[in-house]
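Heavy atoms only: backbone and side chains are in, while hydrogens, waters and symmetry mates are out.
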Amino acid sequence: MTASLTLPPEHPTNSAYFFDLDGTLAEIKPHPDLVVVPQAILQLLHRLATQNAGALALISGRSMAELDALTTPYRFPLAGVHGAERRDINGQTHIVHLPAVVEREAGALLHAALATLPGTTLETKGMAFALHYRQAPEHEAALLALAERITHIWPQLALQPGKCVVEIKSQDTNKGDAIAAFMQEAPFVGRTPVFVGDDLTDETGFVVVNRAGGISVKVGSGETQATWRLAAVRNVWHWLEQINCPQQEQEATNDRRGGYESFSRSI
């Protein structure tokens, strides 16, 4: 059961912010290469990071290179490929690689299999594989079965379903672990975590944030471990505008929007 609220929860003054990208900061598109984060939203993220001593990171299934390209000219702390690669506030990177033989042999098997499924796309990330089927939803079951087969052959790999994608990654990486690692480092340490995400891949992050007494926010519908909910990407954008406003401007902003950026809280 959810109870609708017209205002987001009150934020601690000492927060650490974590955001997924696709489906959270940017609308999902038919192909990942078409995704764009509006420049105004990037400016709001930069301002929010500045107000919180740099304690803002992106936590995504995309690679760090893709995240940097989507957020230029800014350079945020990042966790890419569901935490398999991470860059801290000082620019130091932490990367979990798949064994070369696994990457090579699993990649060859996947490439051959997807060649028989028109409309599907294989994305090789070096430490993970993404099997996209947004253009061919009829192949969802086949890709899930294929991913399960791969994880049986190589038990060190794990299957991670997402929105129109099935990912195969290391058993040892997830978004929750990435958030937990950031929370052990400056400038995140000692702050209250706030994580906004939309997908099944974000649920491990919600669990970590909940355990820390933070604010977990699910974007869109569906069962979730998050304790708060925003309806869509545009609501995330409006919420970012709101929390960037000085306190004296918030009431005027809320009146103008008439609750358009409403939250729901899971009960």
Compute whether any side-chain donor of one residue and acceptor of the other, for T201 and E167, lie under 3.5 angstrom apart.
no

Taking all atoms of both residues into account, what is the closest heavy-atom pair of I89 and A186, and its distance?
CG2-O, 3.4 Å

Minimum-distance pair of heavy atoms, taken over all atoms of L159 and L144
CD1-O, 3.8 Å

Whether the side chain of N52 engages the backbone of L48 through a donor-acceptor N/O pair (distance < 3.5 Å, no angle test) should be reported.
yes

Distance from M64 atom CE to T71 atom OG1, nearest 0.5 Å?
11.5 Å

Are H82 and Q160 close enough that a side-chain donor and a side-chain acceptor fall under 3.5 Å?
no

In terms of heavy-atom contacts, S216 and T227 come closest through OG-N, 3.0 Å

Can you name the nearest heavy-atom pair linking R62 to P32, along with the distance?
NH2-O, 2.8 Å

Got a second to check how far L67's CG is from T72's OG1, nearest 0.5 Å?
12.5 Å

Donor-acceptor pair, distance only, cut-off 3.5 Å: does the side chain of T151 make one with the backbone of E148?
yes

A quick test of your reading: do over 12 heavy atoms of other residues, nucleotides or ligands sit less than 6.0 Å from NE2 of H94?
yes

Which hydrophobic side chains are connected to F182, either touching it within the sub-4.5 Å cutoff or through other members that do?
F18, I59, I179, M183, F188, F195, F206, V208, V209

Residue pairs fulfilling side chain to side chain donor-acceptor pair (under 3.5 Å) with at least one residue in residues 38-51, sequence neighbours excluded
none

Residues that, via side-chain heavy atoms closer than 4.5 angstrom, fall in one hydrophobic cluster with V81:
I95, M127

Of I243, V196, T192, L58, the one forming a side-chain contact (heavy atoms from CB on, under 4.5 Å) with Y17 is I243

Taking only residues two or more places apart in sequence, or in another chain, which ones meet E185 in a side chain to side chain donor-acceptor pair (under 3.5 Å)?
R86

side-chain hydrogen bond (donor to acceptor under 3.5 Å, both in side chains) between H132 and E123, worked out
CA-CA 8 Å; H132 297 277; E123 182 184 1; 2.8 Å; yes

Straight-line distance of R87 CZ to L78 CG, nearest 0.5 Å
4.0 Å

Find the distance between CG (L131) and CD1 (I150) and round it off to the nearest 0.5 Å.
8.5 Å

Which atom names give the shortest non-hydrogen contact between S221 and K218, and what distance separates them?
O-CE, 3.1 Å

Rounded to the nearest 0.5 Å, the CG atom of L25 sits from the CG atom of L70 at a distance of 10.5 Å

Determine the minimum heavy-atom distance between F129 and A106, stating which atoms define it.
CE1-CB, 4.0 Å

Only counting residues at least two apart or in another chain, list the ones meeting salt bridge (charged side-chain N to carboxylate O under 4.0 Å, His left out) with R75.
D68

Just verifying a value: how many Å separate L110 CG and R149 CZ, rounded to the nearest 0.5 Å?
9.0 Å

Among T204, D199, D20, side chain to side chain donor-acceptor pair (under 3.5 Å) partner for K175:
D20

Does E140 have any side chain to side chain donor-acceptor pair (under 3.5 Å) partners at least two apart in sequence or in another chain, and if so, which?
Y133

